[in-house]
Asker: 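This structure is in structure tokens; I'll ask about it shortly.
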Amino acid sequence: MQLTAPATPRPGTRSRTRDADGMAVASFILGLLGLLVFNVFLGPTAIVLAAASLWRGTSRKGRAYLGMGLGVADLLVLVTLMQMDSTLSWSF
């Protein structure tokens with residue numbers, strides 16, 4: 001019977017956190033880009049990546065939350081501009 005945690009981390013733990021950190025940064029970048037172009041695709045992608053990185057236990061929680069917020073903002077910008085234009089897409 002073992003009462004304490006092992007001294008060495010389990011194999012794959014570090015790479016999983018590293019992948020989650022990468023997803024948090026990717027969600028932030030895609031959310032930021034989505035404000036300018038392709039927000040119908042980049043917004044939901046940023047939200048999904050942020051949620052997955054938070055679920056995997058990223059150490060960059062702030063970036064993941066920013067990515068999620070920017071993804072939601074992408075969709076809000078899309079809906080607002082679609083209502084102003086009365087079309088499915090928008091342009092300046």
Side-chain angles (χ1 to χ4, degrees):
M1 184 157 105
Q2 185 175 4
L3 296 177
T4 60
T8 59
R10 292 185 320 204
T13 304
R14 178 64 188 141
S15 66
R16 184 173 175 170
T17 303
R18 192 172 178 189
D19 290 343
D21 290 347
M23 284 192 290
V25 172
S27 72
F28 173 70
I29 291 171
L30 291 177
L32 203 57
L33 279 173
L35 289 173
L36 303 173
V37 293
F38 299 123
N39 47 5
V40 70
F41 299 113
L42 296 180
T45 304
I47 293 170
V48 168
L49 281 174
S53 68
L54 288 170
W55 182 74
R56 288 188 177 194
T58 183
S59 62
R60 298 180 178 198
K61 290 185 193 290
R63 287 246 168 94
Y65 286 125
L66 278 173
M68 190 175 289
L70 286 170
V72 170
D74 292 346
L75 296 178
L76 290 175
V77 165
L78 176 67
V79 168
T80 302
L81 292 173
M82 281 176 22
Q83 291 297 318
M84 290 172 55
D85 249 355
S86 298
T87 62
L88 189 58
S89 63
W90 60 273
S91 61
F92 289 110

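Only heavy atoms go into these numbers, but all of them, side chains included; no hydrogens, no water, no symmetry mates.
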Asker: Any side-chain heavy atom of V25 sitting closer than 4.5 Å to one from R60?
Answerer: yes
Asker: Can you spot which of I47, T80, N39 makes a side-chain contact (heavy atoms from CB on, under 4.5 Å) with L75?
Answerer: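 Per the side-chain contact (heavy atoms from CB on, under 4.5 Å) rule, the option paired with L75 is I47, out of I47, T80, N39.
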Asker: Given side chains that start at C-beta, do those of M68 and L54 come closer than 4.5 Å, heavy atoms only?
Answerer: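 Contact flag for M68/L54 side chains = yes.
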Asker: Please report the shortest heavy-atom distance between A26 and L49, naming the atom on each side.
Answerer: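 Closest approach of A26 to L49: CB-CD1, 4.0 Å.
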Asker: Hey, what do you get for CG (L78) to CG (L35), rounding to the nearest 0.5 Å?
Answerer: 11.5 Å
Asker: Atom CD1 in I29, atom CG in L66: separation rounded to 0.5 Å?
Answerer: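 The CD1 atom of I29 sits 12.0 Å away from the CG atom of L66.
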Asker: If hydrophobic clusters are built from ILVMFWY residues whose side chains come within less than 4.5 Å, do V77 and F38 share one?
Answerer: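 Same cluster.
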Asker: Do any N or O atoms from the side chain of D21 and from the backbone of S59 form a donor-acceptor pair under 3.5 angstrom?
Answerer: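 Yes: the side chain of D21 pairs with the backbone of S59.
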Asker: How far does CG of L33 sit from CZ of F28, to the nearest 0.5 angstrom?
Answerer: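 It comes to 10.0 Å.
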Asker: According to a 4.5 Å side-chain heavy-atom criterion applied to Ile, Leu, Val, Met, Phe, Trp and Tyr, with indirect links allowed, do M84 and L36 form part of one hydrophobic cluster?
Answerer: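 In one cluster: yes.
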Asker: Which atom pair, heavy atoms only, marks the closest approach of A64 to T58?
Answerer: CB-CG2, 4.4 Å
Asker: Shared ILVMFWY cluster between L32 and L81, side chains joined below 4.5 angstrom?
Answerer: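 Per the 4.5 Å side-chain linkage, L32 and L81 are co-clustered.
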Asker: Which pair of heavy atoms, one from S27 and one from R63, lies closest together, and at what distance?
Answerer: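 In terms of heavy atoms, the two residues are closest at OG-O, 4.1 Å.
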Asker: What are the two closest non-hydrogen atoms of A50 and G67, and how far apart are they?
Answerer: CB-C, 4.4 Å
Asker: Is L76 linked to M82 within one hydrophobic cluster, defined over Ile, Leu, Val, Met, Phe, Trp and Tyr using a side-chain heavy-atom separation of less than 4.5 Å?
Answerer: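 Hydrophobic grouping puts L76 apart from M82.
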